[in-house]
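Numbers here simply count residues along the sequence, with the first being 1.
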Amino acid sequence: MAELMVRDGTWTFDGDAVRIVPGRERGVHKLRQDLGEFTVPLAALAGIAHEPGRKGGRLRLRLRTGADPLLQVTGGSLPDEANPYRLTVDAGRVEVAEYFVDAVRQALMLEQIPDGPADRYLLPGPSVPLSAAGVDGIATFDGEKVTIEWRWNTSETKRDRGPRNFDLSALEAVEWRAAAGLESGYLRFRTRGATERLKPEHDPNSIELWGFKKESGTTALLAAAVAARLPHPSDGAGKSLPTTPPPAALLAPPTPAPVPAPADDHDALLRRLRELGELHRDGILTEDEFTATKAAVLRRFHTEG
């Protein structure tokens with residue numbers, strides 16, 4: 001097991017999943033604290049990296065596209081300080097962080113986890129019930145129904161429509177966008193069959209968002225909680241989710257061919273050992289990674305013998 005405990009939070013890896021517990025100190029973003037403790041299964045991970053810095057650096061997880069409803073609904077636009085998959089590493093914990101990275105990368109390699117898009121959510125999303133406030137309204141979600149109550153400063157268009165109530169069965173999607181420049185952000189609930197696209201300040205199915213204050217991050221959590229209970233974006237689309245090339249530092253070492261199934265012969269296992277030796281000589285696998293992976297193949301070899 002690998003564990004990294006710093007002021008920013010605690011990450012623990014047991015070989016099957018990474019458990020993330022946010023710190024409770026003043027500098028930890030409210031969105032992360034509101035999200036609370038959660039677990040990321042190994043199958044949801046595409047990579048991990050330690051980004052060195054003058055005072056220790058950062059640890060960062062990269063998830064497979066479509067695996068997490070929070071990242072899916074926010075489009076990767078959360079600011080760094082609000083990102084639950086980023087951990088600030090204290091200067092005295094750098095070696096532990098590097099060990100943590102090695103442990104996760106080795107597991108990804110041994111388990112042959114694909115780094116392509118996921119066709120279902122592998123994380124459950126934020127817990128409910130949730131209530132989130134925007135500029136002109138307050139949304140509440142209890143796991144089955146979304147309710148919007150308007151504030152005094154909402155537009156006449158929205159006020160005339162009155163409070164909004166949506167059953168999950170009536171929703172096609174939920175959208176969340178942060179404000180950009182002079183353009184407002186929004187939390188929008190898109191109903192089935194709806195074609196009209198109004199600006200957030202006039203859309204009765206939207207709450208307007210300005211900036212990204214610590215308090216307003218809860219709207220992203222609420223959007224993710226709704227998204228987690230709606231069909232996955234890949235459902236019925238006939239297309240895989242788009243991917244963007246990750247930074248090199250976040251990539252796990254290139255994975256060799258999978259360990260053969262028991263039905264394969266010893267020649268296949270010997271080829272696997274030769275491949276591992278080549279990866280080690282080329283510097284792709286570290287000494288520890290090579291030793292651990294070679295031991296796993298040899299165990300398989302003796303099992304088949």
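Between the side chain of T154 and the main chain of R151, no donor-acceptor pair closer than 3.5 Å is present. Distance alone, capped at 3.5 Å, is enough to place a donor-acceptor pair between the D136 side chain and the E208 backbone. A distance-only check finds no donor-acceptor pair linking the side chain of D16 to the backbone of L42 [under 3.5 Å]. Judged by distance alone, with hydrogens and angles left aside, the side-chain atoms of H50 form a donor-acceptor pair with the main-chain N or O of G56 at under 3.5 Å. At least one donor-acceptor pair closer than 3.5 Å links the side chain of W150 to the backbone N or O of G162. Using a distance-only test at 3.5 Å, with no hydrogens or angles considered, a donor-acceptor pair links the side chain of D142 to the main chain of K145. The closest donor-acceptor contact from the side chain of R120 to the backbone of H232 lies at 3.5 Å or more, if one exists at all. The closest donor-acceptor contact from the side chain of D203 to the backbone of N205 lies under 3.5 Å.
Side-chain heavy atoms closer than 4.5 Å link hydrophobic residues (I, L, V, M, F, W, Y) into clusters, and following such links, even through other members, never connects V96 to V21. In terms of hydrophobic clustering, with Ile, Leu, Val, Met, Phe, Trp and Tyr side chains grouped at heavy-atom distances under 4.5 Å, Y186 and V174 are assigned to different clusters. With hydrophobic clusters built from ILVMFWY side chains whose heavy atoms lie under 4.5 angstrom apart, L108 shares a cluster with L59. Placement of V40 and L35 within a single hydrophobic cluster is found when ILVMFWY residues are connected by side-chain heavy-atom separations under 4.5 Å, directly or transitively. Linking Ile, Leu, Val, Met, Phe, Trp and Tyr whenever their side-chain heavy atoms come within less than 4.5 Å puts F189 and V128 in one cluster.
Here the straight-line distance linking atom CG of L70 with atom CG of L123 works out to 9.5 Å at 0.5 Å rounding. With values rounded to the nearest 0.5 angstrom, D68 atom CG is found 11.0 Å from T65 atom OG1. Rounded to the nearest 0.5 angstrom, D90 CG and L4 CG are separated by 8.0 Å. The line from CD1 of I48 to CG of L61 is 4.5 Å long, rounded to the nearest 0.5 Å. For the atom pair CG of D34 and CG of L221, the computed distance is 6.0 Å after rounding to the nearest 0.5 Å. Between the CG atom in D102 and the CD atom in E98 there is a gap of 7.5 Å [rounded to 0.5 Å].
Applying the 6.0 Å contact sphere to CD of E3 captures more than 12 heavy atoms from other residues, nucleotides or ligands. At most 12 non-hydrogen atoms from other residues, nucleotides or ligands lie less than 6.0 angstrom from CZ of R7. Counting heavy atoms of neighbouring residues, nucleotides and ligands inside a 6.0 Å radius, atom CD of E95 does not exceed 12 of them.
Contact check for L78 versus L31: side-chain heavy atoms found under the 4.5 Å cut-off. Under the 4.5 Å side-chain criterion, counting only non-hydrogen atoms from C-beta, R24 is in contact with Q33. For the pair L171 and V226, the minimum side-chain heavy-atom distance is below 4.5 Å. The shortest distance between side-chain heavy atoms of L222 and W176 does not fall below 4.5 Å. Using a 4.5 Å heavy-atom threshold, the side chains of N83 and R60 count as touching.
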task: Please lay out, stage by stage, how R190 and R197 fare under the test side-chain contact (heavy atoms from CB on, under 4.5 Å).
output: CA-CA 10 Å; R190 198 170 74 227; R197 305 282 288 191; 3.5 Å; yes
message: Applying side-chain contact (heavy atoms from CB on, under 4.5 Å) to V94 and Y99, what does each step give before you reach the verdict?
response: CA-CA 9 Å; V94 170; Y99 173 79; over 6 Å; no
message: Could you walk me through whether V6 and T88 satisfy the side-chain contact (heavy atoms from CB on, under 4.5 Å) test, starting with their C-alpha distance in whole Å, then the side-chain angles of each, then the deciding distance to 0.1 Å, before giving a yes or no?
response: CA-CA 8 Å; V6 292; T88 300; over 6 Å; no
- request: Take I148 and I207, measure what side-chain contact (heavy atoms from CB on, under 4.5 Å) needs, and give me the verdict at the end.
  value: CA-CA 8 Å; I148 300 179; I207 291 178; 4.1 Å; yes
- request: Assess whether salt bridge (Lys or Arg N to Asp or Glu O under 4.0 Å) is satisfied between R32 and D8, documenting all intermediate values.
  value: CA-CA 10 Å; R32 292 173 55 206; D8 201 30; 3.0 Å; yes
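For the pair L230 and Y121, the tightest heavy-atom approach, listed with the atom from each and the gap, is O-CE1, 4.5 Å. Scanning all heavy atoms of the two residues, the minimum distance from A224 to P126 falls at CB-CD, 3.7 Å. Taking every heavy atom of both residues into account, L187 and A139 meet most closely at CD2-CB, 4.3 Å. Summarising the geometry of L45 relative to I113, their closest heavy-atom pair is O-CG2, 3.6 Å, with the distance given to 0.1 Å. When all heavy atoms of G134 and L209 are compared, the pair lying nearest together is CA-CD2, 3.9 Å. Contact record, S127 with L130: O-CG, 3.3 Å, taken as the closest heavy-atom pair.
When each of R188, E175, R164 is checked for a side-chain hydrogen bond (donor to acceptor under 3.5 Å, both in side chains) with S206, only R188 meets the rule.
When only modelled atom types and interatomic distance are considered, E201 and S155 share no side-chain donor-acceptor pair under 3.5 Å. D119 and S234 share no side-chain donor-acceptor pair at under 3.5 Å.
In this structure R192 satisfies the side chain to side chain contact (heavy atoms under 4.5 Å, CB included) test together with E172, sequence neighbours excluded. Listed by chain and residue number, P69 satisfy the side chain to side chain contact (heavy atoms under 4.5 Å, CB included) test with A228 (two or more places apart in sequence, or in another chain).
Using a 30° and 60° split on the angle between ring planes, F100 and W11 fall in the tilted class, from 30° to 60°.
With respect to the salt-bridge test (charged N to carboxylate O, under 4.0 angstrom), the residues R64 and D115 do not qualify.
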